[in-house]
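We're numbering straight along the sequence, starting at 1. Whatever order the structure lists them in is the order used to number ligands and atoms, beginning at 1.
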Amino acid sequence: MNFIYKRIVFKISGEVIKGINKSKINDDVIHDIIRDIKFILNKGVEVSIVIGGGNLFRGVSLLKLGINRVTCDYIGMLSTVINGLFLKDLFNKCNVPVYLMSAIATHNMCNEYNLEKALHLLSKSVVVIFCGGLGQPFFTTDSVACLRAIETNSDIILKGTKVDGVYSNDPNNSKNSVFFHQLSYQDVLKNEFKIMDLTAFILARDYKIPICIFNINHKNALFRILRGEHEGTIIKDID
Ligand code: UDP
């Protein structure tokens with residue numbers, strides 16, 4: 001298999017591992033992801049993961065409880081640490097070398113974020129999981145994915161979702177909606193497609209890092225994306 005991307009950032013939202021707090025983990029999808037990652041590691045692809053926390057707590061959804069925004073976001077960031085610990089253990093169980101780094105201090109729970117160390121581990125085919133967000137409130141893990149992709153000089157950001165990619169309008173509500181295999185950053189901004197939060201998206205655009213939005217439930221999707229085949233929607237610089 002010829003893969004056209006050498007180093008990837010895979011954004012896994014908390015939704016993908018929903019159920020963790022109800023002792024009912026969505027483990028089929030996660031195990032498929034780990035199996036596919038194991039395969040591509042053996043083919044020389046370097047993988048980092050940015051883990052979300054939305055299955056547990058999102059800052060914005062806590063606001064209605066009357067908690068202040070900064071506290072809400074810290075709760076959100078801690079959720080990403082919980083998911084990170086969980087994910088790390090699953091990789092360990094599947095014998096895939098993995099290293100968990102957190103942007104917020106967690107002392108003996110996980111290692112602290114260190115770019116130099118991350119780059120070294122990636123070059124040694126170790127999966128690096130980034131948790132704890134950026135360690136700063138008012139951001140989401142989409143921004144983390146874009147920032148870590150820039151810092152690690154990655155070739156693409158993969159965002160696995162429950163939908164197939166980007167449509168002109170909601171396919172559930174419109175018979176005329178069109179699916180896009182490819183879009184430019186400008187197309188996304190002009191049409192106000194909701195890909196990820198704007199801060200994150202502008203970062204990816206400015207550093208010309210392609211973003212692929214794809215359905216995480218599609219078997220072998222990761223391989224098709226890395227081979228440059230049609231899977232999901234790819235957003236990139238188009239001349
Ligand atoms: N968060 C934050 N700063 C960051 C990253 C995340 O404050 O740098 C908080 C924010 O409240 C967010 C929550 O952590 O809602 C969980 O992250 P996110 O919503 O991105 O998770 P996902 O939707 O990907 O599961």
Side-chain angles (χ1 to χ4, degrees), residues 8-22 24-27 29-30 33 47-88 90 100-106 109-115 118 127-152 154 156-163 165-166 193-204 207 209 211-217 232 235:
I8 65 170
V9 171
F10 196 165
K11 158 71 201 288
I12 299 183
S13 93
E15 275 297 303
V16 175
I17 51 174
K18 66 175 183 293
I20 187 175
N21 54 341
K22 298 191 180 85
K24 185 171 64 61
I25 297 151
N26 192 3
D27 60 353
V29 180
I30 287 291
I33 292 172
V47 183
S48 53
I49 292 175
V50 170
I51 183 74
N55 56 319
L56 300 172
F57 294 105
R58 275 202 186 93
V60 172
S61 44
L62 286 170
L63 278 175
K64 59 179 181 291
L65 300 178
I67 310 169
N68 88 64
R69 174 66 196 257
V70 174
T71 307
C72 292
D73 281 339
Y74 275 115
I75 294 172
M77 283 185 264
L78 285 172
S79 305
T80 73
V81 176
I82 294 172
N83 284 338
L85 287 166
F86 167 72
L87 201 56
K88 182 192 81 166
L90 286 184
L100 179 66
M101 289 186 179
S102 170
I104 46 177
T106 49
M109 265 195 293
C110 48
N111 308 287
E112 68 182 51
Y113 172 68
N114 180 312
L115 176 60
V127 175
V128 177
I129 303 176
F130 297 116
C131 69
L134 290 174
Q136 296 295 331
F138 304 102
F139 287 99
T140 69
T141 50
D142 282 350
S143 296
V144 185
C146 293
L147 201 72
R148 298 289 180 246
I150 295 164
E151 288 173 304
T152 56
S154 294
I156 189 165
I157 299 157
L158 308 184
K159 182 171 164 159
T161 67
K162 286 189 276 183
V163 294
V166 184
F193 293 138
K194 304 274 176 289
I195 306 292
M196 52 176 50
D197 66 76
L198 203 58
T199 323
F201 186 77
I202 298 290
L203 269 175
Y207 287 84
I209 303 186
I211 304 167
C212 184
I213 313 288
F214 69 103
N215 192 326
I216 201 117
N217 296 306
I235 298 128

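- Considering backbone and side-chain atoms alike, Asp142 places every N or O at 3.5 Å or more from each N or O of ligand 1.
- Between the side chain of Ser79 and the backbone N or O of Ile75 there is at least one donor-acceptor pair closer than 3.5 Å.
- Ligand 1 does not have Ser79 within reach: every non-hydrogen atom of the residue lies 4.0 Å or more from it.
- Polar contact check, Gly14 against ligand 1: a nitrogen or oxygen pair lies under 3.5 Å apart.
- Near Gly133, meaning under 4.0 Å from any of its heavy atoms, are these atoms of ligand 1: 4 (C), 5 (C), 8 (O).
- With hydrogens left out, the protein atom closest to atom 1 (N) of ligand 1 is Phe139 O, 3.2 Å, a heavy atom.
- In terms of protein heavy-atom proximity, atom 11 (O) of ligand 1 is nearest to Asp73 OD1, 2.5 Å.
- Atom 14 (O) of ligand 1 has its closest protein heavy atom at Gly76 C, 3.1 Å.
- The proximity of Gln136 to ligand 1, defined as any non-hydrogen pair under 4.0 Å, is limited to the backbone.
- Around the CZ atom of Phe201, the shell of radius 6.0 Å holds more than 12 heavy atoms that belong to other residues, nucleotides or ligands.
- Ligand 1 is never approached by Tyr74 to a heavy-atom distance shorter than 4.0 Å.
- Regarding atom 8 (O) of ligand 1, its nearest protein heavy-atom neighbour is Leu134 N, 2.7 Å.
- In this structure, atom 19 (O) of ligand 1 lies nearest to the protein heavy atom Arg58 NE, 3.3 Å.
- The protein heavy-atom contact nearest to atom 22 (P) of ligand 1 is Gly54 N, 3.6 Å.
- At distances below 3.5 Å, not a single donor-acceptor pair connects side-chain atoms of Ser48 with backbone N or O atoms of Val9.
- Open room surrounds OH on Tyr207; 12 or fewer heavy atoms of other groups in view lie less than 6.0 Å from it.
- Residues Arg148 and Ala103 approach most closely at NH2-CB, 3.9 Å, considering heavy atoms.
- In terms of N/O distances under 3.5 Å, ligand 1 is approached by Thr141.
- Of all protein heavy atoms, the one closest to atom 12 (C) of ligand 1 is Gly59 N, 3.9 Å.
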Quiz item: Given the rule in the side-chain contact (heavy atoms from CB on, under 4.5 Å) test, do Phe10 and Val127 qualify, once you have shown the distances and angles that lead to the verdict?
Solution: CA-CA 10 Å; Phe10 196 165; Val127 175; over 6 Å; no

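- Counting protein heavy atoms only, atom 21 (O) of ligand 1 is closest to Gly53 N, 3.1 Å.
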